[in-house]
2 protein chains.
Amino acid sequence: MSSQNTIKPTESELEILQILWEKGDCTVREVHEILTQHKEAGYTTTLKIMQLMQEKGLVRRDTSSKTHIYSALASQQKTQEHLLSKLIDNAFSGSAARLVMQALGNHSASKDEIEAIKKYLNDLDYK
Amino acid sequence: MSSQNTIKPTESELEILQILWEKGDCTVREVHEILTQHKEAGYTTTLKIMQLMQEKGLVRRDTSSKTHIYSALASQQKTQEHLLSKLIDNAFSGSAARLVMQALGNHSASKDEIEAIKKYLNDLDYK
DNA sequence: TTTGATATACGAATATATTCGTACATTAGT
DNA sequence: ACTAATGTACGAATATATTCGTATATCAAA
């Protein structure tokens with residue numbers, strides 16, 4: 001079972017992980033461009049964070065050429081799992097149901113999304 | 001509309017808020033006892049955090065007697081809303097549905113919980 | 001009234017996260 | 001070959017969160 005993802009990403013790290021999850025391999029420049037669509041940040045700041053992430057094992061990088069290529073090592077699945085269960089414990093008194101309802105109630109899931117969830121719930125029953 | 005809850009509690013603060021949400025009014029001692037069921041912590045550490053929370057406006061305290069009485073100011077609802085939407089944005093690419101399914105899938109919601117959610121979803125339809 | 005238990009206030013140490021300046025290397029264009 | 005652009009490495013400043021020691025006040029019991 002390879003290396004664990006006990007490591008919890010910080011907020012900045014999470015922003016970067018998300019980009020890597022979506023885009024796959026990226027240079028620092030690419031990540032940085034995307035990041036700065038939302039917020040201000042210096043290039044070396046992004047670089048530094050990604051370097052630290054590499055040391056922590058959250059990402060891997062290919063340094064064979066001058067411009068390094070980064071990709072996510074932390075699995076999206078595991079990371080989401082971890083953050084979610086932390087939130088459930090921390091803010092929802094351990095009740096997944098409460099969290100779910102809150103999410104559905106406020107975050108205006110679309111009709112499609114709600115249908116998908118219903119289907120999902122029904123499938124759960126048959127296990 | 002009173003004071004906003006733009007303030008985001010830290011992890012330690014959240015632990016304390018949860019206790020206050022559940023128990024209502026508490027002394028530092030009471031909160032501390034509950035906290036230390038799960039983890040190690042010095043009394044003055046808990047005290048300090050609660051004092052800082054008061055300064056930040058997360059809690060209010062009654063100092064009329066020697067032993068101060070604390071209660072939550074940050075609403076559970078608002079705080080959950082905020083943390084949840086942050087998580088959805090930060091780790092689930094903005095998709096509430098993905099988060100919900102992840103929550104249901106892994107966090108082993110009980111049969112009762114799942115029933116409650118189904119009911120909830122059906123009610124949503126009629127609005 | 002002396003002592004012990006319990007309380008708050010406060011300051012400081014430690015840890016962690018974030019930000020960025022500066023130095024230096026490499027590459028591409030002129 | 002020189003210069004500008006672009007990249008990494010590294011160290012330091014800043015911000016924030018966490019932890020706890022120590023001083024001091026209050027109260028109750030002996």
Side-chain angles (χ1 to χ4, degrees), chain A residues 6-20 25-71 74 79 82-83 86-87 90-91, chain B residues 6-20 25-71 74 79 82-83 86-87 90-91:
Chain A
T6 328
I7 311 157
K8 54 160 195 180
T10 67
E11 208 158 312
S12 304
E13 289 170 346
L14 207 49
E15 288 178 325
I16 290 172
L17 276 179
Q18 241 189 150
I19 293 170
L20 293 176
D25 295 352
C26 282
T27 63
V28 174
R29 175 67 55 191
E30 285 164 342
V31 169
H32 183 65
E33 301 280 270
I34 295 174
L35 277 184
T36 49
Q37 284 169 9
H38 309 282
K39 65 165 191 182
E40 292 265 310
Y43 174 80
T44 52
T45 302
T46 304
L47 172 65
K48 180 67 155 193
I49 292 175
M50 291 179 76
Q51 286 172 338
L52 292 174
M53 289 172 79
Q54 192 261 323
E55 284 174 23
K56 293 189 194 175
L58 290 172
V59 301
R60 160 189 37 187
R61 65 178 175 179
D62 174 351
T63 60
S64 58
S65 37
K66 177 199 165 193
T67 302
H68 300 175
I69 309 288
Y70 287 74
S71 48
T79 306
H82 178 246
L83 291 173
K86 216 180 62 178
L87 184 62
N90 270 351
Chain B
T6 328
I7 311 157
K8 55 159 194 180
T10 67
E11 208 158 313
S12 303
E13 289 169 345
L14 208 48
E15 288 178 325
I16 291 172
L17 276 179
Q18 239 187 154
I19 293 170
L20 293 177
D25 295 351
C26 283
T27 64
V28 174
R29 175 67 55 191
E30 284 165 342
V31 169
H32 183 64
E33 301 279 272
I34 295 174
L35 278 183
T36 48
Q37 286 169 8
H38 309 282
K39 65 166 191 181
E40 292 264 311
Y43 174 80
T44 53
T45 301
T46 305
L47 171 65
K48 180 68 154 193
I49 293 175
M50 292 179 75
Q51 286 171 339
L52 291 175
M53 289 173 79
Q54 192 262 322
E55 283 173 24
K56 293 188 192 174
L58 290 172
V59 301
R60 160 190 36 185
R61 67 178 174 178
D62 174 351
T63 61
S64 58
S65 38
K66 177 199 165 192
T67 303
H68 300 176
I69 309 289
Y70 287 74
S71 48
T79 305
H82 177 244
L83 290 172
K86 216 180 63 177
L87 184 63
N90 270 352

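Throughout, a chain's letter reflects where its sequence line sits, starting with A, and its residues are numbered from 1.
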Using a cutoff of under 3.5 Å, can you pull out all pairs of nitrogen or oxygen atoms linking the protein to nucleotides 11-13 of chain D, with atom names and distances?
unit_1	atom_1	unit_2	atom_2	d
dG11(D)	N7	K48(A)	NZ	3.3
dG11(D)	O6	K48(A)	NZ	3.1

Handout entry: Whole-Å distance separating the CD atom of E55(A) from the P atom of dT16(C)
Key = 14 Å

What protein N or O atoms touch nucleotides 28-30 of chain D N or O atoms at under 3.5 angstrom, if any, and at what distances?
none

Problem - M50(B) CE - dT19(D) C1' separation (whole Å) - result: 16 Å

Exercise for the section: May I ask you to test the T79(B)-L14(B) pair for a side-chain heavy-atom distance under 4.5 Å? Expected result: yes

Practice task
Could you work out which one of dT8(D), dA17(D), dA9(C) sits closest to the side chain of K56(B)?
Solution key: dA17(D)

Practice task
Measure the distance from CE on M53(B) to P on dT16(D) and round it to the nearest whole Å.
Solution key: 18 Å

Exercise for the section: Starting at atom CD of Q54(A), determine the distance to atom P of dG7(D), rounded to an integer number of angstrom. Expected result: 18 Å

Exercise for the section: Answer yes or no: is there a side-chain heavy-atom contact under 4.5 Å between T10(A) and K56(A)? Expected result: yes

Identify all side-chain donor-acceptor contacts of residues 44-53 of chain B below 3.5 Å with residues at least two apart in sequence or on another chain.
unit_1	atom_1	unit_2	atom_2	d
T46(B)	OG1	H32(B)	ND1	2.7

Problem - Euclidean distance, atom CD of residue Q51(B) to atom P of dC10(C) [Å, nearest integer] - result: 8 Å

Handout entry: dT8(D) OP1/OP2 closer than 4.0 Å to side-chain N/O of T63(A)
Key = no

Exercise for the section: Could you state the atom-to-atom distance from CZ of R61(A) to P of dG7(D) in whole Å? Expected result: 15 Å

Extract from the structure each pairing of a protein N or O with an N or O of nucleotides 2-6 of chain C at less than 3.5 Å, listing the distance.
unit_1	atom_1	unit_2	atom_2	d
dT6(C)	O2	K66(B)	NZ	2.9

Handout entry: Approximate separation, where rounding is to 0.5 Å, of H68(A) NE2 and R61(A) CZ
Key = 5.5 Å

Problem - Point-to-point distance, once rounded to the nearest 0.5 Å, from CD of Q37(B) to NZ of K39(B) - result: 13.0 Å

Completion exercise
To the nearest 0.5 Å, atom CD1 of I19(A) lies from atom CD1 of I34(A) at 5.0 Å

Problem - Closest heavy-atom pair and its distance - L17(A), A74(A) - result: CD1-CB, 4.2 Å

Practice task
Taking the side chain as every heavy atom from C-beta outward, state whether V28(B) and Y43(B) have any pair of such atoms under 4.5 Å apart.
Solution key: yes

Practice task
Locate the shortest heavy-atom distance separating T36(B) from A41(B); write the atom from each residue and the value.
Solution key: CG2-O, 3.8 Å

Exercise for the section: Can you measure from CG (L20(A)) to CD (E13(A)) and round to the nearest 0.5 angstrom? Expected result: 11.5 Å

Problem - Qualifying residues under side chain to side chain donor-acceptor pair (under 3.5 Å), relative to S64(B), sequence neighbours excluded - result: D62(B)

Exercise for the section: Report yes if the side chains of H38(A) and E15(A) come closer than 4.5 Å at any heavy-atom pair, otherwise no. Expected result: no

Handout entry: Length of the CG-P vector between N90(B) and dA17(C), whole Å
Key = 15 Å

Practice task
Evaluate the side-chain proximity of S71(B) to D25(B): yes if any heavy-atom separation is below 4.5 Å, no if none is.
Solution key: yes

Exercise for the section: Using atom CD of E13(A) as one end and atom P of dT19(C) as the other, report the distance to the nearest whole Å. Expected result: 12 Å

Problem - Phosphate OP1/OP2 of dA17(C): any T10(A) side-chain N/O under 4.0 Å - result: no

Practice task
Check each residue of residues 35-47 of chain B for a non-hydrogen atom within less than 4.0 Å of any atom in DNA chain C, then write out the ones that pass by number, or none.
Solution key: Y43(B), T44(B), L47(B)

